[in-house]
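This report concerns only the one structure given below.
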Amino acid sequence: MEAVAIGERERQAEAITAFVQAQRTPVVVAGDLNATPFHRAYHILQHGALSDVWQECGSGAGFTWPGNRTIGGVPVLPWFVRIDHLFTTNGIVCLDASVGPWDGVSDHRAVVATLAAGWFD
């Protein structure tokens, strides 16, 4: 089943990349990708005209998952994977990126960024 999910993530990354490349204005893509920077879906996005704001201006590891979670009834270490991402296209500059505080409910933490227009007519 996991191979199907991985393939679907890659197909979705390709569709997002095609959409972004067709745009004439800057674009922000944000979400829970369920993919680390080591996964192919992440690389499809990053090499398809998108930049990861964490790499551009984040500090630290940027771990967003998992929080307060067990797998098979066994507790796992919190916050040791970065699977939630913000990407931007040219024309948007990242001024700051951080991981938001845990809300106590979700098993994710948000990526929070201050972005600015970096292009002029």
Side-chain angles (χ1 to χ4, degrees):
M1 184 65 172
E2 182 62 22
V4 173
I6 290 170
E8 182 58 28
R9 276 195 294 274
E10 292 170 359
R11 282 187 289 283
Q12 290 173 2
E14 289 167 352
I16 291 167
T17 297
F19 173 82
V20 167
Q21 290 174 338
Q23 303 312 300
R24 299 184 128 186
T25 58
V27 175
V28 174
V29 174
D32 169 8
L33 298 183
N34 282 325
T36 72
F38 301 104
H39 286 99
R40 186 169 180 270
Y42 174 93
H43 287 278
I44 291 167
L45 293 170
Q46 189 179 40
H47 297 293
L50 290 166
S51 297
D52 181 348
V53 300
W54 196 263
Q55 289 184 347
E56 191 175 327
C57 69
S59 62
F63 295 154
T64 60
W65 181 86
N68 196 26
R69 182 176 171 126
T70 62
I71 297 176
V74 177
V76 295
L77 292 173
W79 319 124
F80 68 92
V81 180
R82 184 165 75 93
I83 62 172
D84 303 276
H85 303 278
L86 277 169
F87 290 94
T88 60
T89 58
N90 288 337
I92 299 175
V93 177
C94 182
L95 304 176
D96 181 63
S98 62
V99 175
W102 184 47
D103 66 5
V105 179
S106 175
D107 64 344
H108 294 258
R109 294 188 297 179
V111 177
V112 180
T114 302
L115 306 173
W119 54 280
F120 304 94
D121 288 334

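Nothing fancy with the numbering, it's 1 onward along the sequence. Every heavy atom of this structure was used, including side-chain atoms; hydrogens, water molecules and symmetry mates were not.
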Exercise. Among the clusters formed by ILVMFWY side chains lying less than 4.5 Å apart, do V81 and L77 turn up in the same one?
Worked result: yes
Problem set entry | Results of salt bridge (Lys or Arg N to Asp or Glu O under 4.0 Å) for E56 - residues two or more places apart only | none
Exercise. More than 12 foreign heavy atoms under 6.0 Å from CZ of F19: is that the case here?
Worked result: no
Problem set entry | Distance (rounded to the nearest 0.5 Å) between H39 NE2 and E10 CD | 9.0 Å
Exercise. Do V111 and I92 belong together in a cluster built from hydrophobic side chains that touch within less than 4.5 Å?
Worked result: yes
Seminar exercise, completed: Here the pair of heavy atoms bringing Y42 nearest to T36 is CB-O, 3.2 Å
Exercise. Applying the 4.5 Å side-chain criterion to the ILVMFWY set and letting contacts propagate, would V53 and V99 be lumped into a single cluster?
Worked result: yes
Problem set entry | Contact summary for L45 and I16, nearest pair of heavy atoms | CD2-CG2, 3.7 Å
Problem set entry | Listed once per pair and sorted, the salt bridge (Lys or Arg N to Asp or Glu O under 4.0 Å) pairs that draw on residues 62-82, sequence neighbours left out | D52-R82, R69-D107
Exercise. How are the rings of H85 and F87 set to each other: parallel, tilted or perpendicular (split at 30° and 60°)?
Worked result: tilted
For this session: Of all the heavy-atom pairs spanning T17 and I44, show the shortest one and how long it is.
Result: OG1-O, 3.4 Å
For this session: Among Ile, Leu, Val, Met, Phe, Trp and Tyr joined by side-chain contacts under 4.5 Å, find the other residues sharing a cluster with F63 and list them by chain and number.
Result: W79, W102
Seminar exercise, completed: Rounding to 0.5 Å, atoms CG (L86) and CG (L50) come to a distance of 11.0 Å
For this session: Using the test salt bridge (Lys or Arg N to Asp or Glu O under 4.0 Å), find all partners of D84 that sit at least two apart in sequence or belong to another chain.
Result: none
For this session: Give the intermediate values and the outcome of side-chain contact (heavy atoms from CB on, under 4.5 Å) for residues H108 and I83.
Result: CA-CA 9 Å; H108 294 258; I83 62 172; 3.6 Å; yes
Exercise. How far apart are the closest heavy atoms of A41 and A13, and which atoms are they?
Worked result: O-CB, 3.5 Å
Exercise. Stepwise, does the side-chain contact (heavy atoms from CB on, under 4.5 Å) test hold for Q23 with T89?
Worked result: CA-CA 10 Å; Q23 303 312 300; T89 58; over 6 Å; no
Exercise. side-chain hydrogen bond (donor to acceptor under 3.5 Å, both in side chains) with Q46: which residues, sequence neighbours excluded?
Worked result: Q55
Exercise. Of the non-hydrogen atoms in V105 and D103, which two are nearest, and what is the gap between them?
Worked result: N-OD1, 2.7 Å
Problem set entry | Ion pair check, R11 and E14, cut-off under 4.0 Å | no
For this session: Report the residues that fulfil salt bridge (Lys or Arg N to Asp or Glu O under 4.0 Å) with D32, sequence neighbours left out, ordered by chain and then residue number.
Result: none
Exercise. Counting distance only, does the side-chain N/O of T114 pair as donor-acceptor with the main-chain N or O of L95 below 3.5 Å?
Worked result: no
